[in-house]
Amino acid sequence: MLQHFDPNKDYGTPASLSENLVTLEIDGVEISVPEGTSVMRAAALADINIPKLCASDNLDAFGSCRLCAVQIEGRRGLPASCTTPAEQGMKVWTQNDKLAKLRRNIMELYISDHPLDCLTCPANGNCELQDMAGSVGLREVRYGFDGENHLDAPKDTSNPYFTFDASKCIVCSRCVRACSEVQGTFALTIDGRGFDSKVAAGQDEGFLDSECVSCGACVQACPTATLTENSVIEMGQPEHSVVTTCAYCGVGCSFKAEMKGDKLVRMVPYKGGDANHGHSCVKGRFAFGYATHKDRIRAPMIRDSIDQPWKEVSWEEAIGFAAKRLKAIQAEHGRESIGGITSSRCTNEETYLVQKLIRAAFGNNNTDTCARVCHSPTGYGLKQTLGESAGTQTFDSVMKADCVLVIGANPTDAHPVFGSLLRRRLREGASLIVADPRHIDLLDTPHLGDATHLPLRPGSNVAMVNALAHVIVTEGLEDTGFIAKRCEDDAYAKWRAFIQDPRHAPEAVEEVTGVAADKVREAARTYAKAPNAAIYYGLGVTEHSQGSTTVMGIANLALATGNIGRDGVGVNPLRGQNNVQGSCDMGSFPHELPGYQHVADPVARGRFEAAWGVEIDHEPGLRIPNMFDAAIAGHFRALYVQGEDIAQSDPNTQHVEQALRSLDCLIVQDIFLNETAKFAHVLLPGSTFLEKNGTFTNAERRINRVRKVMPPIAGKEDWEVTVALANALDYPMNYAHPSEIMDEIAQLTPSFAGVSYDKLEQQGSLQWPCNDEHPVGSPIMHVESFPIGKAHFAITEFVPTTERANRRFPLLLTTGRILSQYNVGAQTRRTDNQVWHDEDVLEIHPHDAEERGINDNDWLGISSRAGHTVLRARISERMQPGVVYTTFHHPHSGANVITTDNSDWATNCPEYKVTAVQVEKVSQPSDWQKNFHDNHQRQHKFLHEAKPAAE
Amino acid sequence: MSHSEQDRLIQMINQIALNNISAGDESAVAEVVAGHVKKFWSRRMKSQLFDYLGQGGEELHPAARLAGERLQGDAR
Ligand code: SF4
Ligand code: SF4
Ligand code: SF4
Ligand code: FES
């Protein structure tokens, strides 16, 4: 019979991947399933639903409740169907009198220790215990309710997003298994035995103080109301749901937004999502409250100068005001005096429109995006070597990797759902190599294989990657067959001669990297000898003066060992923001049209010119840092910024602020009055991902639909604002729906040629390239050949950064992220995620702390050659001596006041990861922080003055 | 052109030269630098580079200077 997979149904046990089929008969229905499938799942596939309580198809079968008992011909007793594998020729009955009686007895026992407050219970209408009582036909509870019970067990409300009501627990251990199997955190255990057994978080210390990272997998797994979202307790069960995509990180998890009218009740990770398969992290699942936060900008606003209060106006007036100013500035200062910045948080369609607006209506190529400050070296480095600016794999590919090399990334914090998948693979036995200055959590995750840490000094990535390659080449560990067949001979010969040089040997660079040579050699061998080895890297690679070189060095490693073009291998950039991949794909960079087509390429440009009906400049435009310099110099006077906060996220804050202050017209489109908006003349209300239609593209090139579940707070989706601005600038744009924008993208971008909303609807998601050759997309890239034919080994000279520790600034500062906050924090700071991280702190090694007489929680002044700020101290051994660490989620921390404007040689991606600093105890905030505070107060006053009536 | 703008351009092009120093002799390095600048720099940045060459271009790395001169030649 036809088996249709329904992602909304729970099949009881996980799918088997076996290719051998077995055929069995269940209640007289014949069904063929892959060997290893449980009887329960086989039945569910035949639409026969066996009662169950402790089973769920994202967890291994456990067999504790026995409710799923069945009768099998020729077998004694009534075996549990969830733990019994289907066998060829088996005959199974799921219903008969004996089974009914057994199930009723079991339910009776459960119910006798369960508070019967169904009518007032938050799970009412969505409770598996209730469903099972109904399905087994429970009619009486003979044991009475006055025996020994757990009805008075206390509630744990320590987690801000969910409540643990122990009185309703049936000890099915689904939560415990979800925490270990799905999330990989192992925060929960079943304490005690028999009647006394109960679920405990950590050492019974409550959820908030335990290891729990609030991913919510346990809440989703719980069949009762024991673990319930607080939003459900407050609002009741949702009545409809819409599948959409998380707007936080580059994993791009699919969610069901569960709604009551236009109110969002909860986000439930969607099992049909190919990036996350039903898992999520705390941000995507719980941190959506910012969407309805009182700080949202609800009406367009304008002002003549940034020292004036805002004036609330109509959309027409605001857009008209902006257009008039842009035109006047161009008339006076020339076509190239204005530009714009696209957003990695907005949709593909919105990003596409902004760069189109700039190229077609502004008439120049002064478009850039915040990917400049995070993954621009990925685009450059991978294009140079592999011919395409994108990661090569799916996330699932990691499940086939035997060795995983993680460089400058912290997946369990920054890409949590991928982190969970990786942990699962490590538990299965893959070996792990981490090259990072910091001891990351992944190193402590339970694993079967080896875990090696190469704690290199900040700024020595290229030396490390070269040393690994040197070992591979000189110890004869190359995949010569792959190289001969797939790589360009000339470039390879040059590279080989270069990398063989003894100056790249691990011994020779020990001084630079600070890592023992034999450890590096061992790691190189492990990577090269693994049947499948995969590299994952993050901002610790790109945000350096040599970011592009490291990316190319990483590609060299994969090429030299033949780890490209199949499952389990590859080069995988872990992207920061949700749509970094998409914003790069959509032509946000000043030198590239959508699909990475250079503006100087007459054929590509000609296609766009014909479609857009304008002439496009064949010279690249300005990058963000060059825009800032040009603004200070006076020949760049206006900027349109959609959904980015450059004043907080870009390095050397004081320089950025000076540049923004120099502009005659700054147009900011955002959901909040962000740091950049404090320097703006036009403030256009943005819409959240819940308020619009479109697509995001995640780190595996997967294009996922974003679907509108509530109306935009100020009446317009972001793309509609860009359309209005274009029209006001006399460049006609006319789209009724984002799907029409995607049609235009597909028409002009070869790698998107086969993408349409209809196909996305059918397929769920599509990984580009998607065209005639790959009609349903390309999960793994470079299988047969590279877009440039043969891959290109790149020479990767190690040029140390000029940012070095010296007597004045003896420590190196490096920056990073934590799980609960997202980027500049504008969204997560406006949610209860604050309980985990309400300020940025400076992590400092005990040795460095002692030298300076610093204790935990002391106020520390941190100075670099760029600036000075003050943060609280946290003594930590995660860093090596000589290296300090902070995050930049809170604007008043001013972490970027200290970062310098050093940048990557190829792309100008800022060197966030290395700043020479000095640290000392202080008693008050820095001058910058005081000014920040004053300006913050003033600008908020200006905002409130715009709408006195509303408060 | 403001001082800091010029400083940045010098720093940028010298950095490109240094990072490609193993491309071969000075001429080969200049080739890579010129290719990079041509592909990624804006019209104005290029002309600012030419202005600086006109002023003597003292702080330019030799390969960067050669690259600049070649680009200037092409532009004429
Ligand atoms: S929320 Fe996640 S991490 Fe916390 S206990 Fe539940 S499954 Fe474990
Ligand atoms: S909390 Fe829920 S999932 Fe966990 S054991 Fe109790 S009933 Fe089962
Ligand atoms: S933040 Fe990332 S990992 Fe977390 S739910 Fe969203 S997309 Fe998934
Ligand atoms: S569902 Fe099979 S034993 Fe609980």
Side-chain angles (χ1 to χ4, degrees), chain A residues 334-337 339 364-366 376 380 384 462 494-495 497-499 501 545-546 548-549 552 589-592 598-600 617-623 625-636 655 658-659 662 794-802 901-908, chain B residues 1-52 55 59-68 70-76:
Chain A
R335 189 165 48 88
E336 294 175 19
S337 61
N364 63 47
N365 287 320
N366 291 333
S376 51
Y380 178 86
Q384 291 291 315
V462 173
K494 277 197 191 138
W495 174 77
F498 164 81
I499 206 75
D501 194 303
S545 66
Q546 282 210 286
S548 292
T549 312
M552 294 192 290
F589 289 134
H591 64 288
E592 277 167 345
H598 200 277
V599 290
D617 194 347
H618 61 277
E619 285 278 0
L622 293 170
R623 296 173 175 178
N626 305 111
M627 288 182 192
F628 292 154
D629 290 346
I632 293 169
H635 53 84
F636 189 77
H655 182 76
Q658 191 192 350
S662 313
I795 306 282
T796 49
E797 189 65 43
F798 172 56
V799 182
T801 170
T802 50
D901 45 22
N902 267 15
S903 66
D904 173 44
W905 66 269
T907 66
N908 291 123
Chain B
M1 171 171 49
S2 87
H3 193 60
S4 83
E5 218 181 353
Q6 174 167 315
D7 291 346
R8 164 99 70 174
L9 294 182
I10 299 167
Q11 189 196 346
M12 278 170 69
I13 195 168
N14 285 347
Q15 219 186 330
I16 299 168
L18 285 175
N19 277 279
N20 288 285
I21 209 72
S22 296
D25 60 10
E26 195 168 293
S27 169
V29 177
E31 199 58 43
V32 179
V33 178
H36 194 94
V37 169
K38 190 170 159 61
K39 199 165 163 190
F40 296 105
W41 283 27
S42 74
R43 180 182 288 111
R44 185 172 188 116
M45 287 160 70
K46 285 169 187 156
S47 77
Q48 285 168 337
L49 171 67
F50 301 156
D51 289 350
Y52 182 60
Q55 297 159 24
E59 284 172 47
L60 292 176
H61 185 281
R65 178 202 302 262
L66 184 56
R70 284 190 189 159
L71 285 168
Q72 200 167 19
D74 293 349
R76 280 206 190 106

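Although no hydrogens or angles enter the test, the distance criterion places a donor-acceptor pair under 3.5 Å between the side chain of Gln15(B) and the main chain of Ser903(A).
Heavy atoms only, all atoms of each residue included: His591(A) and Lys39(B) are closest at CB-O, 3.6 Å. Taking each heavy atom of Trp905(A) and Ile16(B) in turn, the nearest pair found is O-CG1, 3.6 Å.
Of residues 26-38 of chain B, those residues with a non-hydrogen atom less than 4.5 Å from any non-hydrogen atom of chain A are, in numerical order, His36(B), Lys38(B).
For Ala906(A), the parts lying near chain B are the backbone and the side chain together; criterion is any non-hydrogen pair under 4.5 Å. Looking at Thr802(A), there are no atoms closer than 4.5 Å to chain B (heavy atoms on both sides), in backbone or side chain. For Asn366(A), no part lies under 4.5 angstrom from a heavy atom of chain B. If you measure heavy-atom distances from Ala794(A) to chain B, you find no contacts under 4.5 Å at all. For Asn20(B), the part lying near chain A is the side chain, with the backbone staying farther off; criterion is any non-hydrogen pair under 4.5 Å.
With sequence neighbours left out, Glu797(A) forms a side chain to side chain contact (heavy atoms under 4.5 Å, CB included) with Phe498(A), Arg503(A), Val799(A), Ile21(B), Ser22(B).
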(message) Is there a side chain to side chain contact (heavy atoms under 4.5 Å, CB included) between Ile632(A) and Glu5(B)? Walk through the geometry before answering.
(response) CA-CA 9 Å; Ile632(A) 293 169; Glu5(B) 218 181 353; over 6 Å; no
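Salt bridge annotation for Glu619(A)-Arg44(B): absent, with no cationic side-chain nitrogen under 4.0 angstrom from a carboxylate oxygen.
Rounded to the nearest 0.5 angstrom, Asn626(A) CG and Ser42(B) OG are separated by 6.5 Å.
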